[in-house]
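Right, one structure below, let's go through it.
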Amino acid sequence: MSVVTDSPATPPLKTPAPPSMETISINTIRTLSMDGVQAANSGHPGTPMAMAPVAYTLWQQFLRFDPQDPVWPNRDRFVLSIGHASMLLYSLLHLTEVRAVSKDYETLGEVSVPLDAIKAFRQLGSRCPGHPEYRWTSGVETTTGPLGQGVSTSVGMAIGRQWLASRYNRPGFEELIDFNVYALCGDGCMMEGISSEAASLAGHLQLSNLCWIYDNNHITIEGHTSLAFSEDVATRFIGYGWNVTRVGDANDIEMLARAFRTFQSCKDRPTLIIVDSHIGYGAPHKQDTSGAHGEPLGEDEVRLAKANYGWPEDKRFYVPDGVYDHFRQGIGKRGKELRDAWFAQIADYRKQYPELAEELYRMQHRQLPEGWDRDLPAFPADAKGLATRESSGKVLNAAAKNIPWLIGGAADLAPSTKTRITQEGAGDFSAENYGGRNFHFGIREHAMGAILNGLSLVKVRPFGAGFFIFIDYMRGSMRLSALMELPVIFVFTHDSIGVGEDGPTHQPIEQLAHLRSMPGLILIRPADANEVVEAWKVILQLHHAPAALVLTRQAVPTIDRTKYAPAEGLARGAYILADAGGSPEVILIATGSEVSLCLEAYEQLTREGVRARVVSMPSWELFDDQDKDYRESVLPPQVRARVSVEMASDFGWCKYTGSEGRSICIETFGASAPLKQLMKKFGFNVDNVVAAAKDQIALHKGGK
Ligand SMILES: Cc1ncc(C[n+]2csc(CCOP(=O)(O)OP(=O)(O)O)c2C)c(N)n1
Ligand SMILES: [Mg+2]
């Protein structure tokens, strides 16, 4: 059959439609990420290439974020839980021209991530380090890299938002605090236990302001996820009480937008958007393989991928005309309008609710209210005394009375950790009462740590409590508190073999050494109730450091401060508590419950005519921070007869006792028995301390 047609023999060439600004912008994110990784010759290109459309859609169409003011309090939070895909975030921060913010919250003019920083990805001093670091790169909402931490932190941010909204949104200002929290995660985040803990709690608390986006690419480092992961994630999250939706193709902007709208309209539960994507999208030999995960694509593959995108193959770090402007017109314009409107609103709010506005201001600047310490107690001397967890509970409550945004809870141990805020109206935080100040984290230490970080990142003052032994379950998130310099307060009780019958599984031995070796974290193990007061004073005034308050389960005497030095010495980390006068023959150094034991030994030594000194050393970190003169006044270098007494590993003590000093310590895992028997077994009694002191004197007198 012949077809008669009046068209010319050769149809006119159709010019293909030019790519939209949308496509060009997405491909700019992709190529910047590829080029950054290639230049560094290290990093993860594949996921930024795949997730660029997802990040683009969220930022350009939905995120309420003003690049000109990336610390505006009511901004939506974006958490890149897949920290290895850091180039995705750096590309976004660069293209949206996010401004750098100084540490004192003053917005500066320059951009946070200039192109040169991307070119120097992973190099010393670059604003684009291997994984995103909070406080180092403005616009990075939390440090990520250890998988699972980001998503779990996002739960803390979402909880913080609900608490803030409950306290500060008032008639006429119902949406003063209404930000959403988005977290982008991958297979690794889904596999890590911490995210299950956090997701479980988020579902229970019905955090409808929380949206996790799961990059379901079926690839991790070792290959296909079928190697180790076959659960039905959607069903799992439905089981947690989440709203679960799917986008079958990461390049489908319309479906992505629909999914984000679904999230926004869901008012009674968190949302998980499962997005199917192709890691290394567009790279002909590496797409869908783990080869696109942890190494540069290689020059040739970069060129081929660029060709696939219709990109000039040889251009590197290329930002086509119009891309910056495109983002300015999208997220930039929307963000600025929202931000300006919010500040206008807060000005009215300040007129109507001056006290609440002042609270918000102080909180955002990590300041305390006037008179925050006016109700702190003082404890009279008492030989029987009380457990430091008990005195801590009293101090916490006295502080909480005057610091409304001091909020927190325990991992199901509040009756033991004594961390409940008991004042009337403090309430319990729950799906029904987002204004409660007592949190129930459940038996989820690791997620609790991350949630505390999230709470701190939205600037409330959080504390979290548990048994000291279980820091082993939360060190991953504690390390991030320290790395991010967040003033999170960790309260740990049951701090030694003093727990008695519970035995070795519950007796901390190496935990003190663990935490003391963590840079930036301040550990305080107070000796008695008045040191507890001083410890809380120090901790509450911290701006940029987490603290671990380590407390006893068992009663310790309240030291007679008319006889011995005042507890204020705690602020300097270590202080002379008792001194025979003149140059001491021996120094006894102790922390926590062992300080009273040293005082008893001191009294006996004094009776025997030995000039001893007792140094209470609740915090190594605070002491190490003192000037040399002070340190040497407490521990004079010429006095080499030294005994440290601590019911834990001696690891690190030689720093203070010297290589020929003596540590009365525990080198095993402890044992299950009543405390008295344990003290005897492990040598924590006056006779043993006195004997060790005399041995030391003899040793050093001998000129050894
Ligand atoms: C807690 C933790 N364990 C291990 C790693 C090392 N690691 C980095 S990325 C990665 C694989 C992650 O796979 P996935 O989340 O699916 O990311 P994708 O490769 O798809 O981008 C691993 C094991 C890590 N960063 N954190
Ligand atoms: Mg994956």
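Start at 1 and go down the list; that is how both ligands and their atoms are numbered.
Comparing Gly188, Gly148, Ser277, Cys189 by heavy-atom distance to atom 14 (P) of ligand 1, the nearest is Gly188.
Arg161 places none of its side-chain heavy atoms less than 4.5 Å from the side chain of Val458. A heavy-atom distance below 4.5 Å is not found between the side chains of Met49 and Ser33.
Atom 12 (C) of ligand 1 lies below 4.0 Å from at least one non-hydrogen atom of the protein.
Of the N or O atoms in Gly186, none lie within a sub-3.5 Å distance of an N or O in ligand 1. Residue contacts with ligand 1: Thr220 is placed with no nitrogen or oxygen under 3.5 Å of a nitrogen or oxygen of the ligand (distance criterion only). An N or O contact shorter than 3.5 Å links Gly145 to ligand 1 by distance. Annotation: Ile221 places no N or O atom under 3.5 Å from an N or O atom of ligand 1; distance criterion only. Checked against a 3.5 angstrom limit, the closest N/O atoms of Asp187 and ligand 1 fall inside it. Here's the thing with Asp215: none of its N/O atoms is less than 3.5 angstrom from an N/O atom of ligand 1.
For the ring-ring contact (aromatic ring centres under 6.0 Å, His included) with His94, the lone residue among Tyr324, Phe317, Phe121 that qualifies is Tyr324. The residue from Asp249, Asp288, Asn217 that alone fulfils the side chain to side chain donor-acceptor pair (under 3.5 Å) condition with His278 is Asp288.
A salt bridge is defined here as a Lys NZ or Arg NE, NH1 or NH2 lying under 4.0 Å from an Asp or Glu carboxylate O, and Asp314 with Arg303 meets this definition. Using a 4.0 Å cut-off between charged nitrogen and carboxylate oxygen, Glu295 and Lys286 count as a salt-bridge pair. A salt bridge links Lys306 with Asp35: the closest approach of a Lys/Arg side-chain nitrogen to an acidic carboxylate oxygen falls below 4.0 angstrom. Salt bridge status for Arg64 with Asp76: present, with a side-chain N to carboxylate O gap under 4.0 Å. Taking 4.0 Å as the cut-off between side-chain N and carboxylate O, Arg516 and Glu621 do not count as a salt-bridged pair.
Figure legend: cation-pi geometry between Arg30 and Tyr309, with NZ or CZ positioned under 6.0 Å from the six-membered ring centre and within 45° of its axis.
Ring centers of Phe467 and His494: under 6.0 Å apart, within the cut-off.
Counting just the N/O/S atoms of Asp187, the one with the shortest distance to the Mg ion (ligand 2) is named OD2.
Protein heavy atom closest to atom 19 (O) of ligand 1, with residue, atom name and distance, is His293 ND1, 2.4 Å. Residue, atom and distance of the protein heavy atom nearest to atom 16 (O) of ligand 1 are Ile219 O, 2.9 Å. At the top of the distance list for atom 17 (O) of ligand 1, counting protein heavy atoms only, stands His84 NE2, 3.1 Å. For atom 21 (O) of ligand 1, the closest non-hydrogen atom on the protein side is Thr47 OG1, 2.4 Å.
The closest approach between a heavy atom of Ala85 and any atom of ligand 1 is not below 4.0 Å.
In Glu254, the CD atom is not crowded: 12 or fewer heavy atoms of neighbouring residues, nucleotides or ligands sit closer than 6.0 Å.
In summary, Asn217 places an N/O/S atom under 2.8 Å from the Mg ion (ligand 2), meeting the contact criterion. Residue contacts to the Mg ion (ligand 2): Gly186 brings no N, O or S atom closer than 2.8 Å.
Using a 4.0 Å cut-off to heavy atoms of Glu192, the atoms of ligand 1 that qualify are 1 (C), 2 (C), 3 (N). Atoms of ligand 1 lying under 4.0 Å from at least one heavy atom of Asn217, given by number and element, are 18 (P), 20 (O).
Contacts of His44 with ligand 1, taken as heavy-atom pairs under 4.0 Å, are absent altogether. Contacts between Leu147 and ligand 1 below 4.0 angstrom, taking non-hydrogen atoms only, involve backbone and side chain alike.
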